[in-house]
2 protein chains.
Amino acid sequence: MTTRPLPDFDLMRFTPYRLAVAAERTSEELARQYRKRFGISIPEWRVLVHLARPTDGARTVSVRDIEARVAMEKSKVSRAASRLEAAGLIAKTVEAGDRRLVRLALTDAGRALMAELLPLALAYQREIEARLAEAFAGLEAGLEALLRE
Amino acid sequence: MTTRPLPDFDLMRFTPYRLAVAAERTSEELARQYRKRFGISIPEWRVLVHLARPTDGARTVSVRDIEARVAMEKSKVSRAASRLEAAGLIAKTVEAGDRRLVRLALTDAGRALMAELLPLALAYQREIEARLAEAFAGLEAGLEALLRE
DNA sequence: TTGACTTCATTGCATATGCAATGATTATGC
DNA sequence: GCATAATCATTGCATATGCAATGAAGTCAA
């Protein structure tokens, strides 16, 4: 029962923790705008953003497809898509060739919303880059190394 | 109703998104070990880590205190602390000087657990640093710039 | 063709979360 | 000294989440 000294561990220097805090801060700052002004959550935003990219090859755009590209559980994608459909921002149709697949696509209202949202995101990205200045390239390289594998 | 072209936006290049994915991957990799082997969640782990640092000045170690340092909502801290108390890993006592405050402290069992957990975390940190090699310094500088303010 | 296996998307369920409200205690102004 | 305001921790409640299970559709081999 003697009080063995514990290893000295500083959470503030722990990379996973630092990443989590940085991610939360940056995401939340923008997400607050989405939420308050458009009623859009982060999962919903990710789905919308993916659908807003026309240049992407074959464009199956199924739930499975988005799950793979957007790093979200498929149930999360499915529920986000349902909410977006209920809001009239996307349309879900059964794929003709393979009736297991659900084809997701922006509605006109969805495109109109993205025409407002995307400039906000682009501006925020530029703001981050400006705030980090020279440090941005290093962050990018580090993230690249972390995400690549 | 003409299809206006949307701004070209690549989620994969969006810093908040990259941070979120990187944070999720690194945290989850370690959290899986906590969970499977010790039944500890990330919020619980953060509380434990904070309590495991003896060198920290006045050491009030209230829920409020942890909330501020560990970047978690106070309800999250409160619930994590309750679970840890139920598991016998920490003790909660009312602060004598200010009876609104709850003083949190590791029990002997809690210290014993941390003696196992902390080396895992330290090893993981070293693994990340090795994996990133020269890119690590850049990542650190970038995170520093993001988190400082 | 049939039957076992795989792939997709959704849903059920238990748990986790954020936020506001509450209760308890202490600080402050008059 | 007393009423009001501020601080701290917990809890209620609605919603979100992860994971497993389900159901529907397609593939493959014999």
Side-chain angles (χ1 to χ4, degrees), chain A residues 20-21 23-25 27-29 31-32 34-36 39-47 50-51 58-87 90-105, chain B residues 20-21 23-25 27-29 31-32 34-36 39-47 50-51 58-87 90-105:
Chain A
V21 175
E24 194 185 331
R25 285 214 195 147
S27 285
E28 197 171 319
E29 194 167 327
R32 194 173 2 249
Y34 300 155
R35 203 169 34 222
K36 309 251 164 163
I40 296 294
S41 70
I42 289 182
E44 288 157 19
W45 182 76
R46 287 190 185 172
V47 170
H50 184 62
L51 296 180
R59 309 261 61 215
T60 309
V61 204
S62 63
V63 169
R64 181 83 182 148
D65 197 26
I66 292 186
E67 173 193 7
R69 301 196 205 187
V70 166
M72 294 199 304
E73 290 269 319
K74 61 181 170 181
S75 62
K76 215 169 167 180
V77 175
S78 177
R79 282 159 174 153
S82 294
R83 288 190 295 264
L84 291 171
E85 186 189 31
I90 71 171
K92 298 201 287 189
T93 56
V94 173
E95 181 80 30
D98 184 340
R99 295 168 43 81
R100 293 171 301 181
L101 300 180
V102 172
R103 170 181 287 275
L104 305 178
Chain B
V21 175
E24 193 184 331
R25 286 214 194 145
S27 285
E28 196 172 319
E29 194 167 328
R32 195 172 2 250
Y34 300 156
R35 204 170 33 223
K36 309 252 165 164
I40 296 294
S41 70
I42 289 182
E44 287 156 20
W45 181 76
R46 287 191 185 172
V47 170
H50 184 63
L51 295 180
R59 309 259 63 215
T60 307
V61 204
S62 64
V63 169
R64 181 82 183 150
D65 197 25
I66 292 185
E67 175 194 6
R69 301 196 205 187
V70 166
M72 294 198 305
E73 290 270 317
K74 61 182 172 181
S75 64
K76 216 169 168 181
V77 175
S78 177
R79 281 158 174 153
S82 294
R83 288 190 294 264
L84 291 171
E85 186 188 30
I90 71 171
K92 299 201 287 189
T93 55
V94 172
E95 181 80 30
D98 184 340
R99 294 166 44 82
R100 291 171 302 182
L101 301 180
V102 172
R103 170 182 287 274
L104 305 177

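Within every chain, numbering begins at 1; the chains are lettered A, B, ... in the order of the sequence lines, protein sequences first and strands thereafter.
Going from atom NZ of A:K92 over to atom C1' of C:dT10 covers 8 Å, rounded to whole Å. Residue A:M72 contributes atom CE, which lies 15 Å from atom P of D:dC19 at whole-angstrom precision. Nucleotide D:dT17 holds its P atom 14 Å from the CD atom of B:E28, rounded to whole Å. Rounding to whole angstrom units, CG of residue A:D65 and P of C:dC8 are separated by 10 Å. Per the geometry, NZ belonging to B:K76 stands 17 Å off C1' belonging to D:dT11, to the nearest Å. When rounded to the nearest whole Å, the span between CZ of A:R99 and C1' of D:dT27 equals 16 Å. Here the P atom of nucleotide D:dA16 and the CD1 atom of A:I42 are 12 Å apart, to the nearest Å.
A salt bridge links B:E28 to B:R32: one of the charged nitrogens lies within less than 4.0 Å of a carboxylate oxygen.
When the side-chain nitrogen and oxygen atoms of A:K74 are compared with OP1 and OP2 of C:dT7, none of them lie within a distance under 4.0 Å. In this model, the phosphate group of D:dA9 is approached by a side-chain N or O of B:S62 to a distance below 4.0 Å at OP1 or OP2.
For the pair A:S41 and A:R83, the tightest heavy-atom approach, listed with the atom from each and the gap, is OG-NH2, 4.1 Å.
Taking CG from A:L104 and CD1 from A:I66, the interatomic distance works out to 5.0 Å, rounded to the nearest 0.5 Å. Taken from CZ in B:R103 to CG in B:D98, the straight-line distance is 11.5 Å, to the nearest 0.5 Å. Rounding to the nearest 0.5 angstrom, the gap separating the CH2 atom in A:W45 from the OG atom in A:S27 is 8.0 Å.
Annotation: side chain of B:M72 is in contact with side chain of B:P43 (closest heavy-atom distance under 4.5 Å).
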Taking only nitrogen or oxygen atoms into account, show me every contact under 3.5 Å that the protein makes with nucleotides 13-15 of chain D, one pair per line with its distance.
| residue | atom | partner | partner atom | Å |
| --- | --- | --- | --- | --- |
| D:dC13 | N4 | B:R79 | NH2 | 3.4 |

Check the interface with nucleotides 5-7 of chain D: list each N/O to N/O pair with the protein under 3.5 Å, or write none.
| residue | atom | partner | partner atom | Å |
| --- | --- | --- | --- | --- |
| D:dT7 | O2 | B:R100 | NH1 | 3.1 |

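Judged by closest nucleotide on DNA chain D, A:R83 is the one of A:R83 and A:A96 placed further toward the 5' end. Each of B:E67 and B:R35 lies near DNA chain D, and the nucleotide nearest B:E67 is the one positioned closer to the 5' end.
Every residue was checked against the side chain to side chain contact (heavy atoms under 4.5 Å, CB included) condition with A:S78, not counting sequence neighbours, and none meets it.
Considering only side-chain atoms of A:E73, the nucleotide from C:dC19, C:dT10, D:dG18 that sits closest is D:dG18. Comparing atom distances between the B:S78 side chain and each of D:dA9, C:dT26, D:dT10 picks out D:dT10 as nearest. In the set D:dT11, C:dT11, C:dT26, C:dT26 carries the atom at the smallest distance from any side-chain atom of B:D98.
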